[in-house]
Number of protein chains: 2
Amino acid sequence: MSLRSQGSKRRAAPESSAQTSPTFQQDGKVGMKEIAERAKVTKMTVSRALRTPDKVAPETLRRITAAMEEMGFVPNSLAGSLSARNSPIVPVIVPTMANSIFSDFIEEVSLTLDRAGFTPIFGCSNFDNEYEERLLIKYLGWQPSAIILTGASQTPRTRDFCQRSGLPVIQTWCLPEHPLGRVVGFSNYDMLYQITKALQGWGYRNIGFGFLNTPNNDRSRQRRLGWEVAVREGGDEPLHTRAQGGELSLEAGADILRGILGRHPDTKAIAFGSDVHAVGAVLECKRLGLRIPDDIAITGCGDMGLSSVVSPTLTTVRIPGRTIGRECATMVNLSVVGTYAGPSTVNVGFEIVRRESA
Amino acid sequence: MSLRSQGSKRRAAPESSAQTSPTFQQDGKVGMKEIAERAKVTKMTVSRALRTPDKVAPETLRRITAAMEEMGFVPNSLAGSLSARNSPIVPVIVPTMANSIFSDFIEEVSLTLDRAGFTPIFGCSNFDNEYEERLLIKYLGWQPSAIILTGASQTPRTRDFCQRSGLPVIQTWCLPEHPLGRVVGFSNYDMLYQITKALQGWGYRNIGFGFLNTPNNDRSRQRRLGWEVAVREGGDEPLHTRAQGGELSLEAGADILRGILGRHPDTKAIAFGSDVHAVGAVLECKRLGLRIPDDIAITGCGDMGLSSVVSPTLTTVRIPGRTIGRECATMVNLSVVGTYAGPSTVNVGFEIVRRESA
DNA sequence: CTGAAAGCGCTTACAG
DNA sequence: CTGAAAGCGCTTACAG
């Protein structure tokens, strides 16, 4: 169970230390003890200078601050957090960091949590619930202040650990039936239900659905369900569907399009569960010589950068990633302080953006 | 200097603990001491079971493992790292997480470092060197194993802290003249030099340059320099330039295009320092009724997803973000173990991708 | 193969 | 306003 081969951790300083400011102590670690000695106080007072400076005499504070500056002191957060039983770490687990799907969300959580004094740790589950479980347990070891998870398809073990931790847990990018704790998200069901209804309203029939079929992905399942119900309500059978397992790429979108058209040549519109697939389908239509939206209409989900760049521009559903990020961070902050008084579920909603493709 | 208002950290467990597995201990923290008691050993042996299981008697190991499983034990990494003077944390500071520019890099570093047993911490400097400094110092408090930084425009104080830390420091996305430590990157100078040369080779003259002019950004500066030299070598004066301060958006790209064409209507090509700006410019050309590449040629940098989606598709320079990420992670791993024997600078290069826009 | 002692660098809770 | 003592939950370095 040893994490990795341990080697000599500290390495020799780089050859040229010519640029090192001369006031810096030249060797050895500098901790509160060293600062205390230089400032002629005990480390207790140094600690106070850092956390409650108003309880330290001005002159003493000055000496301590000077000593810290001169010696390049950085307080050891490991020791601080262990001692205070309180670490600012907040793990955020997302399915992928490579796509720009979550990138606005990620940047906003990162910035907002950082400003509030927390230290976010991002982990990438690769749409794999077991991997998510492993990451969560690893992160729990850092005694975090709260936990942010994407989606609601956690393993039972993940759920157990979350609940037993007693920490504020926030699920995001979904509206789970049985939440683990608090929620900041939107209804994936409604999203596809609404866009499918919209397509029907714009006169499209035989509406297909193309999506990413990763195992136990609640968001995909919800989206599919929304599409199905809307299609049925429109008097059709939800036949024109095609999943793609795991890959979120333009090529996968093209494959899905060909798959659906191959089995159901009468398809008049395809709602995609992701902009990435939708844009891939748009490009494939151009290669196949299909006119959009006359021969076939295409819609996406996400309103990623791609959507307004592709030609014809993509009709899609905008997910307010930045808002989700900000809300999550705020919720973490208030939950930790203990003053959170808002609802346990925040629905940020979504917005249908009609462009040229449908 | 207190990081944030401290409140009650532990919160009451969620109302419904119906799903909690019954074998889990119902209250109180479970540490090595608790596991030790249950397994009838001392915590020393529990510690051994975790790190050097082969030095523990099979039957003892079984009891310990069972106890850990039953009680949902998660070792406290704060204590472990403090005690071992060795934390698996590796901060990675990037200018932005919102754009997909760095997203492949980020995901790959994340995955590779995680697999090697490290815990990457991503920070977002917003193209601000002072902010980067603040982040670095904050991260240093976690006693990291190594540091990964983007670019080479660190403040003197950042450089001091890096060097004094004695840690492996990797600069990336650049090839600095005076590196802080090791480097995994490519030449930003060459990138623009080569693409400008290529444009000349394809018959374009009066080549402009559009870029993000964030203060003290070495990568922008290098790119601009490469363009300038290539233009001069082609016998022209590098006049057709226009910077944009801070914003990496399609709109900013459109602004830059209009700015250059407004002052230099004879511009025949514009090399952009970023795909985002380039794509924005392509879209603007379409709005202005300019034909690409006949009226004006456009090139980008990065080969982001957008580039192959926009029409006409973008001629650009591919930066191997995933490779950079993997190389960085490997370098960190070997440097920490102490067996890194490769060159201190790894040049991953780049590749000109010719498409329709030039 | 297992354990008792000391300590990592801080903070908490108390004295003064 | 400042300090001495105890302890956070582990690991190191030694004994046995």
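FYI, side chains are in, hydrogens and waters are out, and symmetry mates aren't considered; it's all heavy atoms of this structure. We name chains A, B, ... by the order of the sequence lines, and we start the count at 1 in each one.
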Next on the checklist: Base, sugar-phosphate or nothing for B:Met32? Non-hydrogen atoms, less than 4.0 Å.
Outcome noted: sugar-phosphate
Item to check | Short side-chain N/O contact to D:dT2 OP1/OP2 from A:Thr60, under 4.0 Å | outcome: yes
Next on the checklist: Could you check whether A:Glu133 pairs with A:Lys138 (Lys NZ or Arg NE/NH1/NH2 to Asp/Glu carboxylate O, under 4.0 Å)?
Outcome noted: no
Checklist entry - Is it true that A:Glu34 and A:Lys29 have a side-chain N and a carboxylate O under 4.0 angstrom from each other? => result no
Checklist entry - What does D:dG16 pair with, Watson-Crick or G-U, if both distances are under 3.5 Å? => result C:dC1
Checklist entry - Under the 3.5 Å rule, do the base of C:dG9 and the side chain of B:Arg85 count as making a donor-acceptor pair? => result no
Next on the checklist: Between C1' on D:dG7 and NZ on B:Lys29, what's the gap in Å once rounded to a whole number?
Outcome noted: 18 Å
Next on the checklist: Between C1' on C:dA13 and CZ on A:Arg51, what's the gap in Å once rounded to a whole number?
Outcome noted: 12 Å
Checklist entry - Does B:Arg157 come within less than 4.0 Å of A:Glu69, counting only side-chain N to carboxylate O? => result yes
Next on the checklist: From CZ of A:Arg63 over to C1' of D:dT2, roughly how many Å is that when rounded to an integer?
Outcome noted: 11 Å
Checklist entry - In whole angstroms, how far is the P atom of C:dA6 from the CG atom of B:Leu82? => result 18 Å
Item to check | Side-chain donor-acceptor pair present, B:Thr96, A:Glu107, cut-off under 3.5 Å | outcome: yes
Checklist entry - Starting at CG of A:Leu140 and ending at P of D:dG9, how long is that distance when rounded to a whole Å? => result 15 Å
Next on the checklist: Using the side-chain heavy atoms of A:Val41, tell me which of these nucleotides is nearest: D:dG3, C:dT2, D:dC8.
Outcome noted: D:dG3
Checklist entry - When the distance from NZ of A:Lys33 to C1' of D:dA4 is rounded to whole Å, what number comes out? => result 15 Å
Checklist entry - Which of the following nucleotides, C:dC10, C:dG9, C:dT2, is nearest to the side chain of A:Lys43? => result C:dC10
Item to check | Residues A:Asp114, B:Arg134: salt bridge by 4.0 Å N-O rule | outcome: yes
Item to check | D:dT2 phosphate, OP1 or OP2, under 4.0 Å from A:Arg48 side-chain N/O | outcome: no
Checklist entry - Phosphate oxygens OP1/OP2 of D:dG3: is one of them under 4.0 Å from a side-chain N or O of A:Thr42? => result yes
Checklist entry - To the nearest Å, how far apart are A:Ile64 CD1 and D:dT2 P? => result 7 Å
Checklist entry - Looking at the side chain of B:Met44, which of C:dG3, D:dT2, C:dT11 is the nearest nucleotide? => result C:dG3
Item to check | Options C:dC10, D:dA13, C:dC1, nucleotide nearest the side-chain atoms of A:Asn76 | outcome: C:dC10
Checklist entry - Whole Å only: how far is the CZ atom of B:Arg62 from the P atom of C:dC1? => result 16 Å
Checklist entry - With nearest nucleotides of DNA chain C determined for B:Ser83 and B:Lys40 from heavy-atom distances, which residue corresponds to the more 5′ nucleotide? => result B:Lys40
